[in-house]
Amino acid sequence: MRTIKSIIVAAAFLPFLASALAQTQVPDVEKITQEWKCKFCPFEGEQGFHGEVEAGAGYVSDDSFKFGEYTGLTEKGGYFVGNAYLRYRGEEAKYWNIEADNIGLESRYLNVEGGKQGKYKLSLEYNEIPHFIDDTSQTPFLGVGGTVLTLPPSWVPAPSTSGFTDLANSLRPVDIETKRKKLGVGASVIPRKHWAFTTKYTRETKEGLESIGGAIGANFATAKATILPNPVDYITHQVDLITSYATSRHQTKFGYYGSFFENDNRFLTWQNPFVDPSDPTNSGSLSQPPENEFHQLYFSGGYQVSPKNRITTHFAIGRMLQDDQFLPYTVNPSLQPPSPTGPLFPLPRSSADARVNTYAANVALLSSINDKLRLTGRYTYEELENETPRAAYDYVIADTAVVSSANAPSNLPYSFKKQTLELSGNYLLLKRATLLAGLDYENYERTFQAVADSDEYAIWAKLTLQPSDKVDLALKLSRADRNGDSYELVPQTSPPQNPLMRKFNMADRERDQGDLYATFLVTEKLTIGFSTDYAKDDYNDTKVGLIKSKDVGYTLDLTLVPREDISIYGFYTRETIESKQRGASAFIAPAGNPEPNWFAEIEDEYDTVGVGFKWSNVAKKKLDFSVDYTYADATGKISVEPGTAYPDLSAKIRTTKFNLDYHAKENMTVRLSYIYEKYDEKDWAIDGVAPDTIPQVLSLGQLAPSYSVYVVSASVRYRF
């Protein structure tokens, strides 16, 4: 897809923008930059280059993908420590800022920004984001990294993994990892007072390997699955064009946003390890994410009607497009459905020719009635109009069984309309007490969904109190009730859904929430804080599906400053998330008992403890010392009745950080850093599961991560 045919909608982030615009004034930038002086920046008043650079070396004690999952510190050995922040101030308000972080790591970042204040700005941004997923995987396939995976010539197929006599000799390690690289350039210009033009282009790539499951077989009883290393080679282009106009009372913004996704891999094909190469179902194929485009034009604005009244608006319209060519029904030509007029039944279309229009509107009014009362009203409209053509598609089940054209399903171009109305007020009850309250309404209209229309009403109130200078309290309570039309199964869905099942995002629901926050200044040196939150959902009309969920959390924290140069902190957080659901395993369409015959309860518990100590200006103000310790424990419990008991899932992490800064000179600091981290995870889904443990699944044999790693580093920071 390379052709721009139309335009698409922006997301509704206007409330945040409007809030900022409400405070916006248009200053004389040149005058301000001449008069402004940073009292805390010793070099700010001087022209030329100034900044801070850090250079040093570090050492990682052991290999671990999990430890360096997003940083790149995955291998034992040394690495370079490098960071820099540079700034240039020249005549006529010309400036440059350069920031570079983690130069020696695979999570490096660079940002360059400069120009002439009040006239123009240029920017360059580059960052890398690695994701090291697993380094314990093994696969017998050849061609890893490409789109065609083949088995070695010595491979011995068998109906079960226990018969793979050549598996041990064929396994070879494969690292499951990806890396994103993002490069962005931008420019802004202010040609005259009140006007600004901004443009930005970003190119992001994602490359590497992820795991994906591929199955071959006509049904659950005969299907054989293989976990495959799936190549990733994505490119995403993003374009922003913005024109802004602002005065003290009026602000507007016109913008275009475009996103263009490219994928160099259209499919992944693999040989079936369970059958003889001469079998017609010897190969399977999976499609990859299709290339697509996203376009949007939008307008947002704000107007100060009077000193106490302000209106903000946001409108957007646009289009999403996707017309990648379809792949064949199957890579096994002998299995393609027969045609009355020929040997093969053709696809009904060459591509989906997908077209989705989106529309959005947001209007808000903020009014200060008097010094005590402020009211806000906001209306939001969102629509997704799916114009993708419908067609009946014959298909082959998992490259094995042909579906008769008489039962061929058609695609369902899902669309929806969503309207939201929010009314809220802020009233100053007393000098130290404020009451906030609101009423929210949401309406959904859907096509090709089980619930065509649903309404949700929510009412909430929040009370903030400051009984004294040493106590701050806040309490918020809310109640929401969602009700929809009668639940009607979508007839085109195949296989048919259990008539008693309710999808939790559309089912009737009652929701209760509460939050409490309190801070106590016990003494001038000791502060204690406490917060708790509670959320409960009840799906009282659901027989099969999610019926209840509850989320409860609380945090206790304290800060102690016994001396000006010493600070101590500690906190404890606990959160529990529970859900209950019913299922019906006996229902098999078109016949079968739809009544529930099993019950499941899931409970996740999270406990986190942290303590820290910092001592500054030790030894004649030459040393700064800090130490932090964090312990986190997560446990997942699954109970199914009747059924087999599942072992608990668990993950524990302990992290200790130590920093020592020695101020050798006024502008030079030597830092010693030490980090120790221990991690243990138990996951019954993969623990002890070798590639051939499951008879009908050839897996990658991944292991749950566990490590004990320390990192030491020494660096010098120099300011100039």
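Remember, predicted model here, so these are calculated numbers, not experimental data. Throughout, residue positions are numbered sequentially from 1 according to the sequence presented.
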Should Gln288 and Asn230 be marked as a side-chain contact (heavy atoms from CB on, under 4.5 Å) after you check the CA-CA gap, both sets of side-chain angles, and the distance that decides it?
CA-CA 9 Å; Gln288 298 294 293; Asn230 186 43; 3.2 Å; yes
Side chains of [X] and [Y], heavy atoms from C-beta outward: is any pair under 4.5 Å?
X	Y	answer
Tyr79	Ser713	yes
Lys179	Lys181	yes
Ile133	Phe65	no
Asp323	Leu321	no
Leu124	Leu183	yes
Ile235	Arg203	yes
Phe67	Leu73	yes
Leu660	Tyr662	no

Return yes when atom [atom1] of [X] has more than 12 non-hydrogen atoms of other residues, nucleotides or ligands closer than 6.0 Å, and no otherwise.
X	atom1	value
Asn370	CG	yes
Trp615	CH2	no
Lys206	NZ	yes

Test item: [X] side-chain N/O and [Y] main-chain N/O as donor-acceptor pair under 3.5 Å:
X	Y	result
Lys525	Pro562	yes
Ser61	Tyr710	yes
Asp624	Asn617	yes
Asp324	Glu291	yes
Arg378	Ser424	no
Ser626	Lys614	no

Can the ring centroids of Phe315 and Tyr359 be said to lie less than 6.0 angstrom from one another?
no
Using ring centroids (six-membered ring only for Trp), state whether Phe520 and Phe530 fall under 6.0 Å.
no
Carefully, step by step, assess Asn111 and Asn127 under the rule side-chain contact (heavy atoms from CB on, under 4.5 Å).
CA-CA 8 Å; Asn111 184 69; Asn127 66 350; over 6 Å; no
Between [X] and [Y], which heavy-atom pair has the shortest distance, and what is it?
X	Y	result
Gln251	Ala246	CG-CB, 3.9 Å
Pro191	Val189	CD-O, 3.4 Å
Pro289	Asn263	O-ND2, 2.9 Å
Ser64	Val709	CB-CG2, 4.2 Å
Ala474	Lys462	CB-CE, 4.3 Å
Val561	Ile566	CG1-O, 3.3 Å

Pair Lys76 + Asp63, salt bridge at N-O below 4.0 Å:
no
Does a salt bridge link Arg432 with Asp469, judged by any charged N lying under 4.0 Å from a carboxylate O?
yes
If we count only N and O atoms by modelled type, under 3.5 Å, do the side chains of [X] and [Y] hold a donor and an acceptor together?
X	Y	value
Glu177	His131	no
Glu128	Asn102	no
Glu99	Tyr109	no
Glu113	Ser123	no
Tyr679	Glu677	no
Ser673	Asn659	yes
Tyr201	His237	yes

Apply side-chain contact (heavy atoms from CB on, under 4.5 Å) to residues Met320 and Asn292 and explain how you reach the verdict.
CA-CA 7 Å; Met320 293 181 282; Asn292 57 79; over 6 Å; no
Do the rings of Phe197 and Trp195 sit parallel, tilted or perpendicular, given the 30° and 60° boundaries?
parallel
Which distance, rounded to the nearest 0.5 Å, do you find between the [atom1] of [X] and the [atom2] of [Y]?
X	Y	atom1	atom2	result
Asp557	Thr573	CG	OG1	8.0 Å
Glu92	Lys119	CD	NZ	10.0 Å
Glu106	Thr71	CD	OG1	9.0 Å
Thr202	Asp240	OG1	CG	7.0 Å
Arg180	Tyr234	CZ	OH	9.0 Å
His663	Thr669	NE2	OG1	5.0 Å

Please determine whether side-chain contact (heavy atoms from CB on, under 4.5 Å) holds for the pair Lys116 and Leu122, giving the CA-CA distance in whole Å, both sets of side-chain angles, and the decisive distance to 0.1 Å.
CA-CA 9 Å; Lys116 185 176 181 179; Leu122 303 175; over 6 Å; no
Could you please spell out the steps behind the side chain to side chain donor-acceptor pair (under 3.5 Å) verdict for Ser616 and Asp565?
CA-CA 5 Å; Ser616 304; Asp565 56 348; over 6 Å; no
Check the pair Tyr257 / Phe294 against ring-ring contact (aromatic ring centres under 6.0 Å, His included), numbers first and verdict last.
CA-CA 8 Å; Tyr257 171 77; Phe294 172 73; 5.8 Å; yes
Verdict with supporting geometry, Thr519 and Tyr517, side chain to side chain donor-acceptor pair (under 3.5 Å)
CA-CA 7 Å; Thr519 301; Tyr517 171 81; 2.7 Å; yes
Phe658 and ring-ring contact (aromatic ring centres under 6.0 Å, His included): which partner among Tyr674, Phe613, Phe625?
Phe625
